[in-house]
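Only one structure is covered here, and it is reproduced in the block below.
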Amino acid sequence: MADLIEPRTLKGFRDYPPALMLPRERVLQTARAVYRSYGFAPIDTPALEYAEVLLGKGGGENDRLVYRFKDHGDRDVALRFDLTVPFARFAAQYVGQLGTPFKRYAMGPVWRGENTAHGRYREFWQCDFDTIGTTSNAADCEIALVINDLFAALGFDRFEVRVNNRLVLNGLLESLGLADKAVPLLRSLDKLAKVGREKVAEEMAREAGVTAEQAGRVLDLAQTAGDNADVLQQAERFFAGMPNEKATEGVRRLRELLAVAETAGVPAGRIRIDLSIARGLDYYTGTIYETFLSDLPGIGSVCSGGRYDNLASLYTKQVLPGVGASLGVDRLLAAMEELKHPRLTGAATPAEVLVVQFDAARLGDYQRVARLLRAAGIATEVYPEAKKPGPQLQYAEKRGFKLAVIAGSQEFAAGVWKVKDLAKREEVAVPEAGLAARTRDLLATR
RNA sequence: GUGGCUGUAGCUCAGUUGGUUAGAGCGCCAGAUUGUGGAUCUGGAAGUCGCGGGUUCAAGUCCCGUCAGUCACCCCA
């Protein structure tokens, strides 16, 4: 007997059995449908790229988290660690053919060799959508609408899109003479909700070398509270004493975004101005979005993004501004599981109806009704063995089928099919002519 | 990458200061019940104690390494 190889998966990589894959596919399908409904077009790029393309010239901090190796032709290559950088390369390469503005979405796995944790893996999916080639605030407003429609379509009612604009924060830092320290300051500020004002102030002093008073000014603005109108008004007052062009423009854009969302019909309360949202990534330059589930804010943002001045400066001299966001699929699914979201049924089958195979000689009849139901849009499986109905019904309920269709000699003699609701354990006899319609009714009302 | 905790049957877990053939509940399979699954009873299968080394007369138990999970930092989705 040969030695067996132990079946196992790499640290941070996962298998997806049907019960995980089905809700995942539903989320991806929903996202795809919403993105497309706004005119975002699908693109894809290779998983593997030249390391130089993904890492830039320096490499630097990314070296640790990027899977990088020599291929068989001794090329220095790396697996993509997000969808944004390959998109920047793509945009630089094809902007001539694509024209601007250009709206795309992309969904796919990305890889990061960092340490694992609950809900954090070395292979995970991103679902990005971006509009590039325009600085118009209309594109920023639309991103907020997409996020709203996306979560509504996913079956969420209680969520909040928190919006800020880096121009406001950068304007403040400029006024305080701290513009060159924006990166460490904003990275610290991003932790405000998590660690509190005191610790953020400490970290700002330590990491960015600012005075306690300077840190206090930044935090005062960030912590402006109240409803959206209040916050914007207070921000304007805040800058009244030290007029700043950037901050003024930032506030104007936020004000417009709110007005557009309201007029376009986004329910009140869905969008909230939050001047403390910074996003750690230094390439954001304008509007910033984070999305929180009101019933589970602790899990963090489930859809984030923002505006950047120049996506593709590494690859082209053509300036390509843009704005977009990314759905955190794995985090969202973890949240849905924790919230016992009604769409997570735990089913391990995409089919709703199981045809019990009673009599092997009738297989053709079983497959005929199954096809009849499938033609009516109802996914239907015929049990692959003829045996006692008990075990077949057990199989059906365990896998998450909703209805069973049963017929033996009595039913065939009477010209009917029995349709059984597996949860209620009730069955009705239906002639074949009305079977599809009746089945659809039963599925709809359960 | 740093530090802490965890790893025993398909699942959830017991397992004494190291001491005989490692247990339970649930689940699973078969039968009582050759046309209908949530009950009961009877019987049954199933464990390289994550993996590898070491200490010991003796290791699930102690030590080291390793793999994996998890928590905190870091960073992020």
Side-chain angles (χ1 to χ4, degrees), chain A residues 3-15 17 24 27 31 60-66 80-84 107-128 183-184 187-188 190-191 194-195 199 203 207 278-284 289-292 299-305 325-335 354-360 362 383 386-399 401 403-414 417-429:
Chain A
D3 282 339
L4 295 173
I5 296 163
E6 186 190 349
R8 56 192 184 142
T9 48
L10 279 167
K11 178 187 178 74
F13 289 73
R14 299 187 294 169
D15 290 320
R24 194 183 163 76
V27 167
E61 293 284 321
N62 286 336
D63 272 359
R64 210 179 68 201
L65 66 83
V66 175
R80 65 184 180 199
F81 54 90
D82 69 12
L83 297 177
T84 306
M107 303 179 163
V110 300
W111 295 270
R112 291 184 194 175
E114 52 187 345
N115 218 354
T116 58
H118 179 65
R120 292 179 59 186
Y121 306 95
R122 288 182 171 176
E123 177 184 63
F124 59 95
W125 275 55
Q126 291 193 327
C127 298
D128 287 21
V183 170
R187 189 174 297 150
S188 298
D190 203 41
K191 297 172 188 165
K194 203 171 173 187
V195 303
K199 293 207 166 161
E203 189 177 308
E207 299 294 327
R279 302 281 306 145
L281 297 171
D282 21 323
Y283 56 75
Y284 288 127
Y289 314 84
E290 297 208 326
T291 310
F292 291 87
I299 202 158
S301 172
V302 287
C303 187
S304 313
S326 180
L327 174 67
V329 183
D330 295 275
R331 186 179 279 184
L332 179 69
L333 285 167
L354 180 78
V355 177
V356 170
Q357 187 182 343
F358 219 120
D359 179 354
R362 292 287 194 163
Y383 193 81
K387 63 175 182 184
K388 288 193 287 184
Q392 297 192 47
L393 294 173
Q394 251 175 29
Y395 166 90
E397 184 157 43
K398 189 176 167 189
R399 294 294 166 100
F401 289 87
L403 302 176
V405 169
I406 309 168
S409 55
Q410 293 166 23
E411 287 78 13
F412 285 118
W417 294 85
K418 282 193 172 153
V419 181
K420 180 160 193 169
D421 186 309
L422 289 160
K424 292 181 188 155
R425 300 183 172 236
E426 295 165 0
E427 59 185 23
V428 292

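These numbers come from the heavy atoms of this one structure, side chains and all, not from hydrogens, waters or symmetry mates. Naming: A, B, ... by sequence-line order, numbering from 1 per chain.
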| So do Asn115(A) and Lys11(A) actually touch side chain to side chain, heavy atoms under 4.5 Å? | yes

From [atom1] of [X] over to [atom2] of [N], roughly how many Å is that when rounded to an integer?
X         : N      : atom1 : atom2 : value
Asn115(A) : C74(B) : CG    : P     : 14 Å
Leu393(A) : G38(B) : CG    : P     : 10 Å
Leu327(A) : A77(B) : CG    : P     : 12 Å
Arg14(A)  : U70(B) : CZ    : C1'   : 14 Å

Categorize [X] for me: base, sugar-phosphate, or nothing, with a 4.0 angstrom heavy-atom threshold over every strand shown.
X         : answer
Tyr121(A) : base
Gly408(A) : base
Lys191(A) : sugar-phosphate
Leu332(A) : nothing
Glu411(A) : base
Ser304(A) : nothing
Gly12(A)  : sugar-phosphate

| task | For Phe358(A) and G35(B), say yes or no: do the ring centres fall under 5.5 Å of each other while the ring planes differ by less than 30°? | result | no

| query | Can the ring centroids of Trp417(A) and Phe412(A) be said to lie less than 6.0 angstrom from one another? | reply | yes

| query | Hey, is Arg187(A) close enough to Glu203(A) for a salt bridge, meaning N to O under 4.0 Å? | reply | no

| Taking only side-chain nitrogens and oxygens of Lys11(A), does any of them come within less than 4.0 Å of OP1 or OP2 of G69(B)? | yes

| task | Mark up nucleotides 44-51 of chain B, 5' to 3', with B wherever a protein heavy atom is under 4.0 angstrom from a base atom, S wherever such an atom reaches only the sugar-phosphate, and - elsewhere. | result | --------

| message | My validator wants the stems of RNA chain B: runs of 3 or more consecutive Watson-Crick or G-U pairs, both distances under 3.5 Å, written as range with range. | response | B:1-7 with B:67-73, B:10-13 with B:23-26, B:28-32 with B:40-44, B:50-54 with B:62-66

